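Computed from a predicted structure; not experimentally measured. No hydrogens, no waters, no symmetry mates; every other heavy atom, side chains included, goes into these values.
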Amino acid sequence: MERTTYCGLVDETYLGQEICLKGWVQKRRDLGNLIFIDLRDREGIVQLVFSHEFNEEALKIADDLRSEYVIEARGKVVPRGEGANNPNMKTGKIEVEIHEVHLLNKAKTPPFYIEDGINVSDDLRLKYRYLDLRRPEMQQSLILRSKITTSIHKYLEEEQFIDIETPYLTKSTPEGARDYLVPSRVYPGHFYALPQSPQLFKQLLMGAGFDRYYQIARCFRDEDLRGDRQPEFTQVDLETSFLTAAEIQDLTEGLLKRVMKDVLDIDIELPLQRITWNEAMDRFGSDKPDIRFGMELIDMAAAVKDVDFKVFQNVLQNGGQVKAITVPQGADKYSRKEIDAKQEYLKRFGAKGLAWLKVTADGFSGPIAKFFKDSADQVKQAAGAHTGDLILFAADTRKVVADSLGYLRTSIAKEQGMIDEAKFAFLWVVDWPLFEYSEEFHRYIAAHHPFTMPNEEDVQLLDTDPHKAHAQSYDIVLNGYELGGGSIRIHQRSVQEKMFKALGFTKEKAEQQFGFFIDALDYGFPPHGGLAIGLDRFAMLLTHKDNIREVIAFPKNSKASEPLTNAPSTVAQKQLDELHLETTEEE
RNA sequence: GGUCCUAUGGUGUAGGGGUCUAACACGCCUGCCUGUCACGCAGGAGAUCGUCGGUUCAAAUCCGUCUAGGACCGCCA
């Protein structure tokens with residue numbers, strides 16, 4: 001039997017036709033001498049009807065069918081009887097009278113329902129991922145992801161980009177995330193590393209003159225997982241020669257607009273908003289702000305400068321910040337206990353406390369209200385607060401204030417339903433610091449990566465005050481997630497050498513780690529820059545999921561293992577011997 | 001590396017020292033049923049309550065260990 005169409009695509013145009021379908025039994029409803037089977041495939045569900053009026057033998061077989069049995073069935077598409085339509089089903093106006101059916105395979109009862117909205121542990125879903133992936137929402141998510149990559153390929157091909165693969169077995173380099181290492185059999189004690197990104201190779205491709213490169217590439221980083229981080233993930237990686245940062249951003253915007261249109265039929269307005277990193281931190285307390293709602297951070301230093309509240313005064317005298325967010329009508333929504341719980345949470349950012357005021361008709365209420373008697377009006381005005389609002393203060397270093405209020409801003413917005421979930425708010429964050437200080441290494445490290453070009457006027461700062469330098473780098477942010485990022489790269493040997501020096505590399509170490517790359521810059525290397533977009537996060541956001549596991553067919557769990565195959569696992573001693581490896585613990 | 005949370009039939013939950021010989025829903029099995037689509041009706045099977053140890057006359061229940069999972073901080077050029 002040759003399949004005529006997919007179950008979910010059977011509609012009135014097939015009325016009267018004899019069709020053949022193949023799929024999985026979703027549900028059997030046995031009324032004795034009349035049996036209904038919902039048959040499912042990747043496109044949807046259609047109702048099959050079995051009766052001895054249509055075929056005696058088929059009815060007999062249907063009697064033994066169970067959930068998830070695989071069958072093929074042939075029959076006639078007919079309209080459903082009077083009043084028997086099911087408006088909840090896409091195929092609810094028709095059904096198929098079955099004349100012939102074959103059982104292709106039986107199935108054990110699955111450990112969970114093959115349907116949307118199930119309430120089972122991720123562990124179980126991953127262990128039986130092949131069943132989980134049968135669920136319509138999983139199929140739709142992966143189909144949508146496929147639409148995204150198709151759209152990206154089309155757009156970039158039209159824009160003259162060339163798709164080039166780069167190695168997965170490559171060289172371990174310092175800086176950045178922990179590498180996944182692959183031992184070499186041929187060279188005892190030597191290791192390949194899986195790429196954290198194709199960064200150096202795509203730059204070398206610019207040196208090779210390909211001018212516009214792209215690749216949908218797998219990347220590997222051996223760091224702890226989060227909802228939006230997997231040890232292996234996919235980047236839409238691209239690099240161009242001769243373009244400015246703004247031109248690369250324009251190109252990226254065209255790509256985003258095209259994907260949104262192709263995949264969701266949503267028109268996004270260009271150009272996208274651009275704000276500097278400093279502005280993002282000041283206004284939103286985040287380098288990846290969610291701008292679907294307001295409740296921005298307000299600098300309260302001037303308004304509270306005369307308030308006799310020691311905490312604020314001490315912080316201000318020590319060069320810290322006092323900032324606040326105002327929760328509209330938040331006074332009744334948050335009890336003292338709930339605010340205390342928030343304060344407890346903030347400790348993980350290093351915050352020592354959370355000062356708050358509830359705005360009343362004639363002033364403030366709350367434990368510190370007494371300090372604000374004389375300054376109530378100016379504080380209210382500065383905070384933009386009205387009666388019934390809740391003002392939350394953070395007083396600390398810039399970083400702690402940003403982390404604390406940034407967290408409060410988004411968590412409260414979520415709790416209070418202030419976010420329009422249907423919205424897609426893209427935003428560029430530009431002009432990043434070139435370096436950040438690492439407490440772990442007691443030196444400056446690259447904020448983006450060591451190949452990022454400083455702003456022209458900041459190049460001389462590399463020798464004198466590297467920490468003051470800003471970079472020609474940019475992140476694309478969507479709904480509070482870092483969707484992607486990129487930069488103009490260094491293409492001159494002298495600048496690259498300064499950069500390594502500022503990062504604390506000795507000449508010898510730079511030569512040993514990156515000599516091949518620095519040498520390449522000597523051979524007519526074009527100015528270039530690019531960007532990479534996190535495909536998993538993009539797909540997650542477009543499907544309105546809250547974890548990238550939902551858009552990856554076979555992801556790792558939060559402990560970086562894979563419950564289906566049980567990777568990682570131990571290997572035979574012979575394999576270790578061949579690789580010249582010895583393990584030191586764990587049996 | 002750290003903090004917090006969770007673990008009871010296949011699944012989701014209830015039970016928080018004795019009444020537990022562990023309850024409920026869905027699922028599963030058997031039978032009946034010709035218009036169901038959350039089909040219905042009747043009956044049935046299925047759990048040594050994650051592990052090991054402790055407290056107690058008595059532990060699913062209290063305490064600790066370990067294991068597994070989840071969230072977060074650190075980490076993620």
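In this structure B/U13 sits in a base pair with B/A23, meeting the Watson-Crick or G-U test at under 3.5 Å. Nucleotide B/A42 has B/U30 as its partner under the Watson-Crick or G-U criteria, with both atom distances under 3.5 Å. B/U51: no Watson-Crick or G-U partner with both key distances under 3.5 Å is found in any strand. Of the nucleotides present, B/A71 is the one that pairs with B/U3 by Watson-Crick or G-U wobble criteria, both distances under 3.5 Å.
A/Gln203 places no side-chain N or O within donor-acceptor distance of the main-chain N or O of A/Leu200, the cut-off being under 3.5 Å. Using a distance-only test at 3.5 Å, with no hydrogens or angles considered, a donor-acceptor pair links the side chain of A/Gln230 to the main chain of A/Lys556.
Side-chain atoms of A/Pro111 lie closest to B/G10 of the nucleotides B/C28, B/C33, B/G10. Counting only heavy atoms from C-beta on, A/Arg29 has its side chain closest to B/C37 among B/G70, B/G74, B/C37. With distances taken from any side-chain atom of A/Met89 to the nucleotides B/G27, B/C37, B/G1, the minimum falls on B/C37. For A/Arg229, whose side chain is taken as the heavy atoms from C-beta onward, the closest listed nucleotide among B/G27, B/C75, B/A71 is B/C75. Side-chain atoms of A/Arg226 lie closest to B/G74 of the nucleotides B/U36, B/U11, B/G74. For A/Phe36, whose side chain is taken as the heavy atoms from C-beta onward, the closest listed nucleotide among B/A68, B/G74, B/G35 is B/G35. Side-chain proximity of A/Phe349 to B/U34, B/C73, B/C37: nearest is B/C73. Checking B/G69, B/A38, B/U36 against the side-chain heavy atoms of A/Ala84 singles out B/U36 as nearest.
Using atom P as the reference point in both B/A47 and B/C41, the two lie 26 Å apart (nearest Å). The gap from the P atom of B/G46 to that of B/C29 amounts to 16 Å, rounded to the nearest Å.
As judged by a 4.0 angstrom heavy-atom cut-off over every strand, A/Asn119 is placed among residues touching the sugar-phosphate backbone only. Within 4.0 Å (heavy atoms only), A/Asn557 reaches sugar-phosphate atoms of the nucleic acid but no base atom. Counting any heavy atom pair closer than 4.0 Å across all strands shown, A/Asp123 reaches sugar-phosphate atoms only and no base atom. Across all strands shown, A/Arg178 has no heavy atoms under 4.0 Å from either base or sugar-phosphate atoms. Heavy atoms of A/Tyr345 sit under 4.0 angstrom from primed sugar atoms or phosphate atoms, though from no base atom. Among the heavy atoms of the strands lying under 4.0 Å from A/Ser561 are primed sugar atoms or P, OP1, OP2 only; no base atom is included. Here A/Glu53 lies in heavy-atom contact (under 4.0 Å) with a base. Nucleic acid contact class of A/Asn85 (heavy atoms, under 4.0 Å, all strands): base. Using a 4.0 Å heavy-atom distance criterion, A/Ile35 is classed as making no nucleic acid contact. Within 4.0 Å (heavy atoms only), A/Thr173 reaches no atom of the nucleic acid at all.
Two rings, from A/Tyr168 and A/Tyr192, have their centers 6.0 Å or more apart. Note: A/His467 and A/Tyr444 meet the aromatic proximity criterion, with ring centroids under 6.0 Å apart. A centroid separation of 6.0 Å or more is found between the aromatic rings of A/Phe233 and A/Phe220.
Atom pair A/Ile37:CD1 and B/G35:C1' shows a separation of 15 Å (rounding to whole Å applied). Between the CG atom of A/Leu34 and the C1' atom of B/U34 there is a distance of 5 Å, given to the nearest Å. Taking atom CG of residue A/Asn88 and atom P of nucleotide B/U36, one finds them 14 Å apart after rounding to whole Å. In this entry the distance linking CZ of A/Phe50 with C1' of B/G35 reads 15 Å, nearest Å. Distance NZ (A/Lys559) to C1' (B/G70): 7 Å, rounded to an integer number of Å. Per the geometry, OH belonging to A/Tyr407 stands 17 Å off C1' belonging to B/G74, to the nearest Å.
A donor and an acceptor atom never sit less than 3.5 Å apart when one is taken from the side chain of A/Asp30 and the other from the base of B/C39.
Under a cutoff of 6.0 Å and an axis angle of 45°, A/Lys342 and A/Tyr345 do not form a cation-pi pair.
Here B/G16 is in the syn range [glycosidic angle within 90° of 0].
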